[in-house]
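A short worksheet on the structure shown next.
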Protein chains: 2
Amino acid sequence: MNSKSVEAAQASAMLSQLPAPVLENLMANSVQRSFSSGETIFLQGEPAYAIFLIVEGWVKLYRISTSGAEAVVAILKRNRSFGEAVALRDQPYPVSAEAISDCTLIQIDGKRIRRQIIENPELGLNLLAATQVHLHALIEQVEQLKARSGVQRLAEFLVDLAEGQPNHNRLPLPYNKTLIAGHLGIQPESLSRAFAKLRDHGVRIEGNHATIDDLELLRDLANQDKGQPWVR
Amino acid sequence: MNSKSVEAAQASAMLSQLPAPVLENLMANSVQRSFSSGETIFLQGEPAYAIFLIVEGWVKLYRISTSGAEAVVAILKRNRSFGEAVALRDQPYPVSAEAISDCTLIQIDGKRIRRQIIENPELGLNLLAATQVHLHALIEQVEQLKARSGVQRLAEFLVDLAEGQPNHNRLPLPYNKTLIAGHLGIQPESLSRAFAKLRDHGVRIEGNHATIDDLELLRDLANQDKGQPWVR
DNA sequence: CGGTGAATTGATCATCATCAAAGGGCGTGG
DNA sequence: CCACGCCCTTTGATGATGATCAATTCACCG
């Protein structure tokens with residue numbers, strides 16, 4: 001287990017703040033795996049045997065509905081874990097996971113974690129914290145989908161991106177636009193048009209880099225009221 | 001603590017399968033509270049001090065975005081718990097909760113549960129299970145919002161309703177239509193029109209009762225393919 | 001009764017999906 | 001090295017879906 005893995009563990013909601021011996025035990029018994037871009041990590045409906053922690057790269061969680069349509073449920077980066085809540089129960093994964101860049105993951109056996117929780121309940125609390133992060137992200141996504149337009153969601157996406165970076169010049173888009181569209185719940189064509197609309201608001205796109213003139217302006221756009229009548 | 005409370009505890013993902021003494025201890029130290037329809041249980045941003053379990057009635061979880069728009073995140077009924085993941089950490093509630101019918105809840109102190117988890121790690125696993133139910137529900141909601149039309153979501157909603165009930169004649173709608181609209185992420189007017197469209201598919205509405213001629217037909221409608229191009 | 005809020009319906013507009021076409025980057029095979 | 005094909009991206013035209021604004025009806029309640 002290399003230093004990058006330890007770093008990821010310490011930065012994750014799931015494993016941070018664990019007593020060192022517990023963490024070491026877990027890490028010693030977990031597997032590090034590499035996936036190349038496009039590879040499937042697990043499929044919706046498969047028995048959930050493991051919890052994953054992203055050491056490097058990007059992962060997409062998605063769902064294929066009965067009709068065959070794909071919905072991107074989450075896009076995760078370094079230091080995020082997934083599958084926590086499911087792998088502890090005898091249940092199938094509710095989503096599929098796919099590497100969207102070359103990436104390395106730590107794979108921890110669910111049964112082992114289960115045993116560890118019994119011995120060290122703090123770990124259970126940590127896992128609850130980690131799932132809470134997921135929960136929160138999904139709640140925000142539902143809010144965005146219900147109360148904001150596609151352009152606004154894109155603006156929000158760019159603001160989030162920029163906040164991770166110091167300079168807003170030539171901000172690299174983390175993955176291709178088809179995927180961004182899926183993440184935002186719109187079609188690629190609509191994304192293209194949404195970018196065009198943002199050009200009037202100081203956003204320029206060149207290839208897979210974005211330049212943001214005025215971050216405040218963009219933030220305002222994302223939060224503009226649509227005047228909901230159901231607010232009493 | 002009356003029998004209804006015990007019943008709810010045993011039917012909940014959160015407290016079922018707990019050793020009797022642990023359950024009794026928890027219950028003995030929790031409060032039963034009543035709310036009348038429309039009353040606020042807690043507000044988004046408040047410190048999360050408690051976990052709630054619904055003994056009777058209906059509760060709405062919603063979020064007010066920075067723009068002031070309301071998005072209904074979940075609607076919960078008997079035996080469901082909420083606030084589990086949050087109340088165990090020193091964080092504010094990410095949503096607001098409101099009683100949408102007269103209802104009785106069991107309120108369990110977060111700090112107490114935290115102590116109990118340390119003593120009895122099984123409880124931690126149970127809570128993980130409970131949050132997993134929430135997680136799953138949200139994932140489904142995201143999928144529905146991204147990949148289905150309003151009419152389809154309404155069809156799905158009715159199918160879910162009907163599956164709880166044995167006869168599909170005069171199926172009572174559990175709450176008013178404005179709220180159903182919010183739950184489905186559409187405006188009340190659009191809901192009205194969606195109901196009108198379903199009339200052609202064997203669904204009739206009288207007041208707050210629905211009659212479904214052919215449940216299978218409705219299910220098909222909800223799952224009809226929209227022919228997604230992003231499925232490779 | 002008068003008033004208030006829920007529900008419906010009509011008319012219109014904004015948003016977004018869909019279908020079609022075309023340009024550009026990139027890797028593969030000749 | 002170049003040609004070809006493939007996929008991503010953009011743009012245009014059109015249609016479906018749902019929001020908004022306005023008006024009306026109805027049930028309920030003080």
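Throughout, protein chains are lettered first and strands after them, A, B, ... in sequence-line order, and every chain is numbered starting at 1.
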Item to check | Shortest side-chain distance from A:Ile186, nucleotide among C:dT8, C:dA17, D:dT11 | outcome: C:dA17

Checklist entry - Starting at CD1 of B:Ile180 and ending at P of C:dA7, how long is that distance when rounded to a whole Å? => result 8 Å

Checklist outcome for this item: Against the side chain of A:Lys197, the closest entry in C:dT15, C:dG10, D:dG18 is C:dT15

Item to check | Protein-nucleotide distance (B:Leu179, atom CG; C:dA7, atom C1'), rounded to Å | outcome: 15 Å

Next on the checklist: If you compare all heavy atoms of B:Ile106 against all heavy atoms of B:Ser30, which two are closest, and at what distance to 0.1 Å?
Outcome noted: CG2-OG, 3.5 Å

Checklist entry - What's the CD1-C1' distance between B:Ile205 and C:dA6, to the nearest Å? => result 15 Å

Item to check | Partners passing side chain to side chain contact (heavy atoms under 4.5 Å, CB included) against A:Glu143 (at least two apart in sequence or in another chain) | outcome: A:Arg148, B:Arg63, B:Ser65, B:Ala71

Checklist outcome for this item: In whole angstroms, the gap separating P of C:dC19 from CZ of A:Arg193 amounts to 14 Å

Checklist entry - C:dT18, D:dG18, C:dT8: which one has an atom nearest the side-chain heavy atoms of B:Val151? => result D:dG18

Checklist entry - Picking from D:dT20, C:dC16, C:dT8, which would you name as closest to the side chain of B:Gln187? => result D:dT20

Checklist entry - What's the CZ-P distance between A:Phe195 and D:dT10, to the nearest Å? => result 7 Å

Next on the checklist: Would you say the ring centers of A:Phe42 and A:Phe52 fall short of 6.0 Å from each other?
Outcome noted: yes

Item to check | B:Arg89: side chain to side chain contact (heavy atoms under 4.5 Å, CB included) partners, not counting sequence neighbours | outcome: A:Ala129, A:Gln132, B:Gln91

Item to check | d(CG, A:Asn176; C1', D:dT10) in whole Å | outcome: 14 Å

Next on the checklist: Below the 4.0 Å mark, does D:dT9 have OP1 or OP2 next to a side-chain nitrogen or oxygen of A:Thr178?
Outcome noted: yes

Item to check | Partner of A:Glu156 under side-chain contact (heavy atoms from CB on, under 4.5 Å), chosen from A:Val159, A:Asp160, A:Leu158, A:Leu154 | outcome: A:Asp160

Checklist entry - Of the nucleotides D:dT9, C:dA17, C:dT9, which one has an atom closest to the side chain of A:Lys177? => result D:dT9

Next on the checklist: Between P on D:dC28 and CG on B:Asn208, what's the gap in Å once rounded to a whole number?
Outcome noted: 10 Å

Checklist entry - Does B:Ser190 place a side-chain N or O at less than 4.0 Å from the phosphate oxygens OP1/OP2 of D:dA19? => result yes

Item to check | Distance, rounded to the nearest Å, where A:Arg153 contributes CZ and C:dT15 contributes P | outcome: 12 Å

